[in-house]
Amino acid sequence: MSAPAELAAGEAAEAAAGRLYPDCDPYGIEDRLTEAEKAPLRRLRRVLEDEVRPLLAEHWEAGEFPYAIAPSLHALRLMDPPELTAGGAQPRALYHGFRIFELARTDASVATFYTAQAGLFRTACRVGGTPEQFAAWDPGIRSFDLTGVFCLTEPDHGSDIAGGLATTARREGDQWVLTGAKRWIGGAFTADVLAVFARDEADGQVKGFLVDRQAAGVRLAKIHGKTSLRMMQNADIHLDAVRVPESMRLGAVDSFKDVAAMLRAMRSDVAWIATGVQAGAYEAALRYVRSREQFGRPLGGFQLVQEKLARMLGNVTASLTMVAALAEQQQDGIYRDEDSALAKMWISLHMRETVALAREVVGGNGITLATDVARFHADAEAVYSYEGTHEINALVVGRSVTGTSAFV
């Protein structure tokens with residue numbers, strides 16, 4: 001290596017020292033984080049590398065979630081790390097996003113499991129509850145003493161849930177009676193409560209309720225036979241005249257418009273998951289081609305392999321740039337359906353390409369769990385579809401840019 005090349009390599013190594021993402025963040029998006037924000041992410045990294053990663057292949061193949069990791073993740077207090085909450089301060093949206101990114105670059109199911117509580121359920125209570133309800137519930141949510149999941153999708157209604165929601169709620173005195181079914185509810189088997197959305201028989205509007213998972217009339221069944229997010233335990237939930245006290249109705253939810261406000265925030269979380277999945281697949285592929293030899297030379301030294309790596313890195317970099325910009329916009333209080341929809345749509349689409357390219361460069365070994373690539377490749381399909389399909393998000397964006405709705 002020439003002297004200039006050695007100098008450049010040394011400077012690159014020095015610049016990467018202490019960086020969280022030296023391989024997949026060439027533009028240094030992580031530099032927008034403060035050192036205080038990086039500290040809990042580094043603690044999370046240690047738990048993921050030491051306790052979580054060794055269990056992933058076995059549990060993915062078995063289709064079972066490694067619940068043994070939950071106490072270690074809970075103990076990290078990622079929702080309210082002491083460095084970021086002194087004096088009543090709140091963590092920034094950018095930290096929140098990188099927390100999801102770090103989880104997802106390890107595993108999509110682990111990220112989905114954690115964000116079911118920290119993202120979906122907490123958002124349901126924060127946006128859907130009254131200020132008094134959220135103040136009462138949030139300490140338990142942050143400590144995982146009160147766990148819950150978001151229950152919106154139904155067996156016959158996914159993309160058309162806004163108008164098609166069929167679960168009903170009928171008020172009887174100071175109680176509500178809920179009847180219906182929900183589907184694809186991840187994390188339901190270990191949740192204390194289910195945030196269920198139902199249509200009020202009296203006015204036809206959607207209301208929200210926190211339902212005790214063990215209440216009379218609640219029945220859960222595991223969805224078997226999945227080829228994506230195999231570790232995540234998704235449930236079919238049946239509600240047969242389940243009684244819920246008025247005090248457990250989400251007091252700020254009076255129509256589907258209020259549910260849409262939750263989805264507006266949640267969709268950006270999925271964009272971060274899709275970005276993390278890409279980073280995980282790219283890093284796994286990069287590790288492999290750096291160590292694998294073919295035709296007597298390192299696999300990473302072939303032109304076609306390098307072209308695919310460059311495309312993957314481009315996708316990761318563009319995605320990370322987009323979600324960071326979205327987080328900073330939301331930090332300023334700007335939440336628009338079209339912004340989170342655009343991020344989820346575009347990033348998930350390019351995630352599909354990234355994981356496919358990773359599978360290509362790893363060759364036949366890319367379909368085995370040993371390289372990690374197969375896990376990301378399969379799990380990307382679920383991430384591509386949930387929190388709004390590509391088509392639905394495209395129509396949300398299209399409605400914004402044209403001023404005309406194409407929804408039917």
Side-chain angles (χ1 to χ4, degrees), residues 16 19-33 94 97-109 111-112 228-229 267-290 299-300 302-329 338-363 366-367 371-391 393-394 397:
R19 296 185 63 83
L20 286 166
Y21 310 108
D23 288 328
C24 65
D25 180 20
Y27 289 0
I29 303 299
E30 73 165 76
D31 293 339
R32 303 182 194 180
L33 294 167
L94 191 64
F98 268 101
R99 180 187 70 198
I100 299 171
F101 178 79
E102 181 65 37
L103 288 160
R105 66 180 282 276
T106 299
D107 184 77
S109 288
T112 302
S228 185
L229 289 188
R267 196 166 283 132
S268 58
D269 288 354
V270 182
W272 277 98
I273 291 177
T275 304
V277 166
Q278 291 185 77
Y282 168 72
E283 290 175 333
L286 189 60
R287 286 194 300 271
Y288 184 86
V289 301
R290 282 172 170 171
L299 187 58
F302 288 91
Q303 291 181 348
L304 292 178
V305 170
Q306 291 189 359
E307 188 273 344
K308 290 179 173 61
L309 291 171
R311 286 165 61 191
M312 283 188 269
L313 182 57
N315 286 345
V316 176
T317 303
S319 299
L320 189 55
T321 302
M322 181 178 281
V323 286
L326 180 61
E328 290 169 343
Q329 176 176 285
E338 58 267 29
D339 296 331
S340 55
L342 178 63
K344 201 279 175 174
M345 178 201 76
W346 191 91
I347 293 171
S348 294
L349 180 65
H350 288 77
M351 170 189 64
R352 262 183 157 183
E353 179 184 53
T354 301
V355 299
L357 289 170
R359 222 277 323 143
E360 284 183 30
V361 300
V362 177
I367 67 169
T371 64
D372 291 336
V373 170
R375 189 164 39 81
F376 289 115
H377 184 250
D379 289 347
E381 284 303 295
V383 178
Y384 179 73
S385 293
Y386 69 46
E387 288 298 328
T389 63
H390 175 84
E391 293 78 9
N393 281 307
V397 176

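Note that the numbering runs from 1 along the sequence shown for the chain. Bear in mind that the values here come from a model prediction, so they are computed numbers and not experimental data.
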Check: [Y] and [X] side chains under 4.5 Å, non-hydrogen atoms:
X: Tyr386; Y: Leu229; result: yes
X: Leu309; Y: Leu286; result: yes
X: Asp31; Y: Arg19; result: yes
X: Val361; Y: Tyr288; result: no

> Can you say whether the rings of Phe98 and Tyr21 are parallel (under 30°), tilted (30 to 60°) or perpendicular (over 60°)?
Replying inline: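 Parallel: the ring planes of Phe98 and Tyr21 meet at under 30°.
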Can you tell me if [X] uses its side chain to pair, donor with acceptor, with the backbone of [Y] under 3.5 Å?
X: Glu30; Y: Asp25; answer: no
X: Ser228; Y: Ala382; answer: yes
X: Lys344; Y: Tyr384; answer: yes
X: Arg359; Y: Gly366; answer: no

> Got a sec, which residues hit side chain to side chain contact (heavy atoms under 4.5 Å, CB included) with Asp107, two or more places apart in sequence or on another chain?
Replying inline: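 So Asp107 forms a side chain to side chain contact (heavy atoms under 4.5 Å, CB included) with Leu56, Ser109, Val110, Met231, Arg375, Asp379.
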How many angstroms lie between [atom1] in [X] and [atom2] in [Y], if you round to the nearest 0.5 Å?
X: Leu299; Y: Gln306; atom1: CG; atom2: CD; result: 10.0 Å
X: Thr371; Y: His377; atom1: OG1; atom2: NE2; result: 11.0 Å
X: Gln303; Y: Lys308; atom1: CD; atom2: NZ; result: 11.5 Å
X: Glu353; Y: Met312; atom1: CD; atom2: CE; result: 9.5 Å
X: Leu357; Y: His350; atom1: CG; atom2: NE2; result: 11.0 Å

> Counting only heavy atoms not in Glu391, do more than 12 sit closer than 6.0 Å to its CD atom?
Replying inline: yes
Which pair of heavy atoms, one from [X] and one from [Y], lies closest together, and at what distance?
X: Ala343; Y: Leu326; value: CB-CD2, 3.8 Å
X: Ala324; Y: Ile29; value: CB-CG2, 3.6 Å
X: Val373; Y: Ala281; value: CG2-O, 4.3 Å
X: Phe376; Y: Ala104; value: CE2-O, 3.5 Å
X: Cys24; Y: Val316; value: O-CG1, 3.6 Å
X: Asn393; Y: Gly388; value: ND2-O, 2.9 Å

> Please walk me through it: do Arg287 and Glu283 pass salt bridge (Lys or Arg N to Asp or Glu O under 4.0 Å)?
Replying inline: CA-CA 6 Å; Arg287 286 194 300 271; Glu283 290 175 333; 5.1 Å; no
>> Between Asp23 and Arg105 (salt bridge meaning N to carboxylate O under 4.0 Å), is one present in this structure?
In response: no
> According to the salt bridge (charged side-chain N to carboxylate O under 4.0 Å, His left out) rule, which pairs have a member within residues 312-326, sequence neighbours left out?
Replying inline: none
> Does the side chain to side chain contact (heavy atoms under 4.5 Å, CB included) test come out yes or no for Leu320 and Trp272, once each step is laid out?
Replying inline: CA-CA 8 Å; Leu320 189 55; Trp272 277 98; 3.8 Å; yes
> Phe101 and side chain to side chain contact (heavy atoms under 4.5 Å, CB included): which partner among Ile273, Thr275, Leu20, Val323?
Replying inline: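 The passing option is Thr275.
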